[in-house]
Colleague: 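For reference, the structure I am asking about is given below.
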Amino acid sequence: MITAVYPGSFDPATYGHLDIIKRASISFDRVIVGVLHNSAKSPLFSVEERVKILKEATKDLPNVQIDSFSGLLVDYAREKDLHVIVRGLRAITDFEYELQMAQTNRMLSHGKIDTVFLTTSLEYAYLSSSAIKQIASFDGDITPCVPDFVADLIYDKYRQKKLSENSDV
Ligand code: PNS
């Protein structure tokens, strides 16, 4: 039985991420989506919110589990006895960063953890969480990029941000 871990920031999960999760759930017996709890970054959604979004969006995939981790991915993988990392590759621009991460994780795990890349489906190749957040912050249409309930949550966040900015003035 092979369990793969699909790590990421998922701030928030997009249709591109969900496509990778769905396809990984077909290729592997079990997939753990690992949401990075990174205190150095200031994400739009808390780690708890990101986990909740992913749980809702993957509720129809019985072999997918959502979890969060902090620190090194290889330490989390070792703790859970996982040997395969899944990452999505959108374009050649992702390659350098992904190659570096894959090789670093292989070195840190003494060759025990490998990374498998799934190429993002063409219709989602342009998507990124940062672009989606930027579009939403200017009230642009993000409904082709994320499930409707996620779009509502993103718009709500920016509405709250604008309200608190206005009340500070
Ligand atoms: O969605 P992202 O932000 O591209 O995901 C990046 C992630 C979470 C996979 C990567 O930053 C990570 O694994 N961070 C944990 C720290 C770590 O293990 N670093 C060493 C590998 S370079």
Side-chain angles (χ1 to χ4, degrees), residues 2-25 27-28 30-58 61 64-137 142 144-147 150-151 153-154 157:
I2 300 184
T3 303
V5 57
Y6 176 38
S9 303
F10 305 107
D11 185 38
T14 69
Y15 278 137
H17 296 127
L18 299 175
D19 172 58
I20 297 290
I21 295 172
K22 198 171 184 180
R23 285 161 53 210
S25 77
S27 298
F28 297 99
R30 206 160 63 105
V31 176
I32 298 179
V33 181
V35 181
L36 178 68
H37 181 64
N38 185 351
S39 49
K41 277 190 181 176
S42 51
L44 184 63
F45 291 96
S46 69
V47 71
E48 293 81 12
E49 289 171 321
R50 286 179 274 149
V51 165
K52 200 169 164 204
I53 287 172
L54 277 158
K55 280 190 176 164
E56 175 63 25
T58 60
L61 302 172
V64 172
Q65 194 186 316
I66 315 298
D67 196 9
S68 61
F69 74 101
S70 49
L72 289 179
L73 174 60
V74 288
D75 289 339
Y76 173 75
R78 204 175 291 131
E79 196 183 292
K80 299 266 170 184
D81 200 23
L82 309 171
H83 302 273
V84 179
I85 296 168
V86 169
R87 289 285 288 172
L89 267 185
R90 286 169 300 189
I92 195 75
T93 43
D94 282 343
F95 186 74
E96 217 168 309
Y97 169 62
E98 293 296 339
L99 181 70
Q100 191 184 28
M101 266 206 309
Q103 288 175 335
T104 306
N105 285 328
R106 212 173 125 69
M107 177 275 291
L108 288 172
S109 67
H110 306 286
K112 291 203 174 81
I113 301 175
D114 258 311
T115 301
V116 170
F117 293 105
L118 295 182
T119 52
T120 303
S121 297
L122 277 181
E123 66 264 46
Y124 306 126
Y126 66 95
L127 286 184
S128 78
S129 298
S130 342
I132 290 166
K133 285 182 281 190
Q134 195 177 44
I135 297 166
S137 72
I142 54 167
C145 315
V146 290
V150 182
L153 291 170
I154 301 174
K157 281 276 178 197

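FYI, side chains are in, hydrogens and waters are out, and symmetry mates aren't considered; it's all heavy atoms of this structure. Indexing begins at 1, ligand by ligand and atom by atom, following the structure's order.
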Colleague: Which atoms of ligand 1 have any heavy atom of Tyr97 under 4.0 Å away?
Modeller: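 Atoms satisfying the 4.0 Å criterion: 4 (O), 6 (C).
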
Colleague: Where is the tightest heavy-atom contact between Leu108 and Arg78, given as atom of each residue plus distance?
Modeller: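 In terms of heavy atoms, the two residues are closest at O-NH2, 3.4 Å.
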
Colleague: I need the atoms of ligand 1 closer than 4.0 Å to a non-hydrogen atom of Leu36, numbered in the order shown.
Modeller: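 What qualifies from ligand 1 is 8 (C), 14 (N), 15 (C).
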
Colleague: So if I count the atoms of ligand 1 from 1 in the order they appear, which ones are less than 4.0 Å from some heavy atom of Asn105?
Modeller: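 What qualifies from ligand 1 is 21 (C).
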
Colleague: Taking all heavy atoms of Arg23 and all of Ser121, pick out the closest pair and write down the distance.
Modeller: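 Heavy atoms of Arg23 and Ser121 come nearest at NH1-OG, 3.4 Å.
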
Colleague: Only one of Gln103, Arg90, Arg87 clears side chain to side chain donor-acceptor pair (under 3.5 Å) with Glu98; which?
Modeller: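 Only match with Glu98 under side chain to side chain donor-acceptor pair (under 3.5 Å): Arg87.
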
Colleague: Knowing that exactly one of Val35, Ile20, Leu118 qualifies, which makes a side-chain contact (heavy atoms from CB on, under 4.5 Å) with Tyr6?
Modeller: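 Result for side-chain contact (heavy atoms from CB on, under 4.5 Å) with Tyr6: Ile20.
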
Colleague: Can you list the atoms of ligand 1 that are under 4.0 Å from a heavy atom of Met101?
Modeller: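 Taking each heavy atom of Met101 in turn, ligand 1 has 10 (C), 22 (S) under 4.0 Å.
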
Colleague: Quick one: does Ser129 get a heavy atom under 4.0 Å from ligand 1?
Modeller: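 Judged by the 4.0 Å heavy-atom criterion, Ser129 does not count as contacting ligand 1.
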
Colleague: To which protein heavy atom is atom 1 (O) of ligand 1 closest, and what is the distance rounded to 0.1 Å?
Modeller: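 Nearest neighbour among protein heavy atoms for atom 1 (O) of ligand 1, to 0.1 Å: Ser9 N, 2.9 Å.
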
Colleague: For Arg87 and ligand 1, answer yes if some heavy atom of the residue is under 4.0 Å from a ligand atom, otherwise no.
Modeller: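 In this structure, Arg87 qualifies as a contact of ligand 1 - some heavy atom is under 4.0 Å.
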
Colleague: Quick one: closest heavy-atom pair of Gly34 and Val5, and the distance?
Modeller: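 Between these two residues, the closest heavy atoms are N-CG2, 4.3 Å.
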
Colleague: Closest non-hydrogen protein atom to atom 19 (N) of ligand 1, residue and atom name please, with distance?
Modeller: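 Heavy-atom neighbour on the protein nearest atom 19 (N) of ligand 1: Leu72 CD2, 3.8 Å.
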
Colleague: Using every non-hydrogen atom in the two residues, find where Val86 and Ala4 come nearest and quote the distance to one decimal.
Modeller: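 Answer, listing the atom of Val86 first, then Ala4: CG2-CB, 3.7 Å.
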
Colleague: List every atom of ligand 1 that sits less than 4.0 Å from any heavy atom of Gly71, numbering the atoms from 1 in the order shown and giving each element.
Modeller: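 What qualifies from ligand 1 is 15 (C), 16 (C).
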
Colleague: Find all atoms of ligand 1 within a distance of less than 4.0 Å from any non-hydrogen atom belonging to Leu73, and give their numbers and elements.
Modeller: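 That gives atoms 13 (O), 17 (C), 18 (O) of ligand 1.
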
Colleague: Within the structure provided, determine whether Arg106 and Thr115 are in side-chain contact (heavy-atom separation under 4.5 Å).
Modeller: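 Counting from C-beta outward, Arg106 and Thr115 never come under 4.5 Å.
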
